[in-house]
Amino acid sequence: MKSLMDGKASTGAEKRERIWMKRYENRVQSGETKNRCEFKSTCFINIVQTGRDRLSNLNTQLAHGPTNITDRGKVDRRNMLFGLGGLYGAANLASNPLAMAEPIKPPELDKCGTATNLNTGKELDINCCPPLTQKIIDYRLPPVRFMRTRPSAHRVSPEYIFKYNMAIDRMKRLPANDPRNFMQQANIHCAYCNGAYDQPGQGTLDIQVHNSWLFFPFHRWYLYFYERILGKLIGDPTFALPFWNWDNPKGMTIPPMFMDPKSALYDEKRNQSNLPPAVIDLGLTGNTDPLQVVANNLTIMYSEMIRGNKTAEDFMGKPYREGTKPDPGPGASERGSHTSVHAWVGDPREKSGEDLGNFYSAGRDPLFYCHHANVDRMWTLWQYFLPSNKVPDKKITDPDFLNAAFVFYDENAQLVRVTVRDCLDNMRMGYDFERIDLPWLDYRPPPQTARARIIKASSDAPMASTIFPVILDKIVRVQVPKAKKGKADELLLLEDIEVDTTKLIKVDVFVNDEDDNNNELDKAAYVGTYAQVPHKTTSKNAKTSIRLKLTDLYDDMDIDDDDTIVVTLVPRHQGGGITIGGIKIIEAPAENKSGSSS
Ligand code: C2O
């Protein structure tokens with residue numbers, strides 16, 4: 001462990017770990033067992049321990065080369081198919097429609113094109129294509145000699161801020177055509193989400209890294225190289241990006257280091273009403289009571305990390321393969337806290353919500369990478385540290401996921417090809433996160449039993465079958481038949497959601513709630529959200545779907561003999577832009593295998 005750590009930051013981390021260890025031992029001695037930890041923030045100690053185990057296994061894993069340890073022993077379906085050669089015929093394809101699919105291939109940089117601004121019909125005012133080079137190599141994760149520990153942005157030292165500022169400043173001063181230059185790095189995001197790349201061999205089908213299971217892996221690789229470039233520019237192989245700890249009340253403002261107008265970390269294109277001390281509104285409810293906003297935020301975190309997910313895809317996003325249309329469906333975290341932070345920081349004085357409020361420009365604000373470091377942290381927390389009984393199978397083993405690939409320029413300006421399978425474990429990639437309390441971990445909303453029943457009984461909402469499709473330009477309330485009577489294990493499906501991709505969209509979903517005060521989310525009736533960050537793409541419309549787990553909600557609302565529930569859809573954005581094709585409730589599939597998309 002010692003040899004992997006270096007410098008001041010890790011000394012602090014070790015000290016904290018020792019404190020946690022002590023607290024944990026005290027608890028064990030006082031008779032509080034480990035099991036109690038299931039849903040409590042006291043789980044920290046498990047986190048620390050798991051972290052250590054993973055760390056000690058790390059170099060053993062790396063000795064095995066690029067094959068990801070987490071996938072060893074699994075049979076790669078594709079290899080089997082190749083092995084069988086022509087045997088795999090049309091009959092089989094019919095019974096397994098996915099077998100014909102291939103993973104998303106990396107873009108061909110020489111075919112990078114300009115994208116269209118849909119508001120004007122003209123080409124986008126910027127060219128976000130990267131510089132071309134001849135040689136591309138398959139990236140191998142280097143052995144981990146120094147662990148980079150990403151710190152919480154609200155807790156860093158003046159020395160850290162100085163170093164970070166210097167690194168970004170140097171990045172901005174690199175020649176404009178150096179792929180590591182600040183603007184070039186920002187354009188990576190633009191190119192991958194803006195229709196600049198087509199899927200190789202698939203006509204004009206765009207490559208899109210949002211609203212699917214590629215969301216977490218793509219952004220992880222993006223930040224990985226960004227961090228290494230910064231480290232290289234200041235000669236510090238332990239340099240780690242800060243994370244904006246917006247899931248903790250202490251981190252719920254824009255981190256102070258981004259606020260100094262003289263700093264390289266500053267960006268003036270931000271919503272001036274949301275600068276500190278404004279508390280971030282992860283629900284975009286517009287609620288003006290900061291304490292209520294904090295309660296909303298913790299509820300949202302609990303909902304998107306724990307309560308609302310039945311399968312890995314509910315959290316990660318829907319399958320997205322070669323030949324399929326972009327935006328099949330975002331996961332809970334992407335469409336939730338992630339989208340809200342973009343929208344909340346983006347500047348309403350700008351035409352398209354620049355910088356953070358629109359995908360093409362988001363990477364121009366240094367705060368973007370700090371935001372996404374926390375998004376990435378959510379993936380790690382969900383994957384390794386959350387109570388696993390909620391989503392029994394968190395691994396997506398589908399080869400079309402694992403073999404999907406991207407290209408980036410690394411810290412030496414070498415063009416490299418990377419795959420999803422190599423980014424599933426952040427420690428193996430050589431970075432970890434400072435341990436911070438997770439106050440949302442046990443933030444289950446209080447039960448709402450009797451009241452919910454009265455509302456249900458008195459509701460005169462129309463049946464779902466009679467009103468869809470519906471344009472969501474106002475609150476919509478419908479009765480939806482349950483799949484089974486009583487407290488079943490069920491999912492709420494919002495299907496054929498058609499969105500205008502150029503607009504900010506956000507819709508909150510409630511059950512058996514006719515409360516006028518839908519700006520308060522810390523109640524059992526709040527189920528979850530659909531939201532998207534505007535992006536400028538060639539196809540203005542996307543068709544997508546999401547599902548929300550109802551099982552815990554049924555408990556909290558005491559849904560007894562009911563065979564219908566009342567669903568309320570509350571749009572938070574201005575003026576339509578979204579049509580819901582249908583709503584239904586299905587029984588949760590017994591098997592939680594990934595690949596079972598519906
Ligand atoms: Cu690629 Cu937060 O977006």
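Here the structure is a predicted model, which means the values were calculated and not measured. Atoms within a ligand are numbered from 1 in the order they appear, just like the ligands themselves.
- The distance from atom 1 (Cu) of ligand 1 to the nearest N/O/S atom of C193 is not under 2.8 Å.
- Between the side chains of D376 and Y431, at least one donor N or O sits under 3.5 Å from an acceptor N or O.
- If you check the side chains of R220 and T380, you find a donor sitting under 3.5 Å from an acceptor.
- Paired with Y530 under the rule side chain to side chain contact (heavy atoms under 4.5 Å, CB included), one option of T339, V509, V499 passes, and it is V499.
- Crowding of R173 atom CZ: a count of heavy atoms from other residues, nucleotides or ligands under 6.0 Å not exceeding 12.
- Rounded to 10 degrees, the NE2-metal-NE2 angle spanning H210 and H189 at atom 1 (Cu) of ligand 1 equals 110°.
- Within the coordination shell of atom 2 (Cu) of ligand 1, defined by N, O or S atoms under 2.8 Å, H342 is present.
- In this structure, F359 has its ring center under 6.0 Å from that of H342.
- None of the N, O or S atoms belonging to H372 lies under 2.8 Å away from atom 1 (Cu) of ligand 1.
- Distance check for H219 against atom 2 (Cu) of ligand 1: none of its N/O/S atoms falls below 2.8 Å.
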